[in-house]
Amino acid sequence: MTTQIDSGQKAKADGKENNKTSGLWLLVLAGSLWGAGGLTGTLLAQHTGLTSPAIGAYRLAVGGLLLVLVVLLTGRSIPRTRPQITRVVLIGLLAAEFQACYFAAVSTISVSLGTLITIGASPVLVLAAESAMGRRRADRRALATVGLAIVGLTLLIGVPSSGRNLTTMLAGAGFALLAAAGLPP
C-alpha cells in the first residue's frame with residue numbers, strides 16, 4: 001500500500017524548507033530590524049554623541065559586511081559587469097543618502113514623525129518622478145490619492161509640540177523628505 005504525500009510534505013521529507021515559511025520569517029526579521037533602526041539610531045546619538053551621518057555610515061558598513069558574508073557563504077556570484085557594478089554603486093549611494101537624512105530627521109524631530117513622513121512621502125515622490133520622466137501620466141485618480149496622502153500627512157504631523165519650533169519641525173520634515181527621495185528601490 002502506497003501513501004500519497006502532498007508536495008509540501010515531500011519537500012520537508014526531502015530536507016528542503018518551505019520557501020513561503022522561510023520567506024515570511026525573513027520578512028518579519030527585516031521589518032523588525034528596520035523598525036528598530038530609528039529608535040536605535042536616536043539612542044546611539046543621545047548616549048554616544050555620534051552624528052546622524054556617522055550612525056548611517058556604521059549601519060551601512062555593518063549591513064554591507066553582512067551582505068558580503070551572505071554572498072560568500074551562499075556561493076552567489078559577485079557583480080562583475082559594468083551595469084551590475086553601476087547598479088550596486090547607485091543603490092549604495094541612495095542607501096547612504098537615505099541613512100544620513102533619515103537619522104538626521106529622527107534626531108531633529110522624533111522617530112515616529114520622521115518615520116511617518118519618510119514612509120508617507122515615498123509614494124508621492126515616486127508618482128512625481130514617474131510623471132516627470134514620462135513613465136506614467138498622473139490621472140485624476142492618482143492626483144486625488146496624492147492629495148489625500150498630503151492632507152493626511154499634514155493632519156498627522158500637526159503643529160509643533162514638545163518645545164520644538166516651526167523651523168526645527170520644517171528642518172526635520174525636510175530631512176525626512178530627502179530620506180524618502182533616497183529610499184532604495
Side-chain angles (χ1 to χ4, degrees), residues 20-67 70 88 90-132 136 138 141-185:
K20 288 183 181 179
T21 304
S22 64
L24 175 64
W25 285 111
L26 289 174
L27 185 62
V28 168
L29 176 64
S32 299
L33 291 173
W34 190 85
L39 181 58
T40 304
T42 301
L43 291 173
L44 278 172
Q46 289 173 354
H47 294 289
T48 64
L50 289 172
T51 63
S52 299
I55 293 169
Y58 284 125
R59 189 173 176 187
L60 285 172
V62 170
L65 289 174
L66 288 173
L67 287 173
V70 167
V88 169
L90 286 175
I91 289 175
L93 290 172
L94 284 172
E97 185 271 339
F98 167 78
Q99 294 291 322
C101 291
Y102 177 70
F103 286 119
V106 299
S107 68
T108 304
I109 43 181
S110 70
V111 174
S112 57
L113 196 53
T115 303
L116 173 72
I117 295 170
T118 301
I119 293 173
S122 293
V124 175
L125 295 174
V126 167
L127 179 64
E130 285 182 342
S131 296
R136 179 178 178 184
R141 185 181 205 181
L143 291 174
T145 303
V146 166
L148 287 172
I150 291 170
V151 168
L153 284 171
T154 304
L155 290 173
L156 287 170
I157 293 167
V159 295
S161 62
S162 65
R164 291 187 181 94
N165 62 26
L166 183 59
T167 305
T168 303
M169 293 296 288
L170 290 175
F175 282 127
L177 288 173
L178 287 171
L183 199 60

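- A pairwise comparison of heavy atoms in Pro123 and Gly120 identifies CD-O, 3.5 Å as the closest pair.
- Here the shortest heavy-atom pairing between Val106 and Gly114 reads CG1-CA, 4.3 Å.
- Taking every heavy atom of both residues into account, Phe98 and Ala179 meet most closely at CD1-O, 3.2 Å.
- The OH atom of Tyr58 lies 6.0 Å from the CG atom of Leu50; values are rounded to the nearest 0.5 Å.
- In this structure, Leu60 CG and Leu65 CG are separated by 10.5 Å, a value rounded to the nearest 0.5 Å.
- Taking OG1 from Thr118 and CG from Leu113, the interatomic distance works out to 9.0 Å, rounded to the nearest 0.5 Å.
- The two residues Ala181 and Leu125 make their nearest non-hydrogen contact at N-CD1, 3.6 Å.
- Among Leu166, Thr168, Thr167, the one residue that satisfies the side chain to side chain contact (heavy atoms under 4.5 Å, CB included) test with Leu170 is Leu166.
- Closest of all the heavy-atom pairs between Ala173 and Ile109 is N-CD1, 4.0 Å.
- In this structure, Gly172 and Ala105 approach most closely via the heavy-atom pair O-CB, 3.5 Å.
- Thr115 contributes no side-chain N or O that, together with a main-chain N or O of Ser112, makes up a donor-acceptor pair within less than 3.5 Å.
- Taking OG1 of Thr145 as the start and CG of Leu127 as the end, the distance is 8.5 Å to the nearest 0.5 Å.
- To the nearest 0.5 Å, atoms OG (Ser32) and CG (Leu27) are separated by 9.5 Å.
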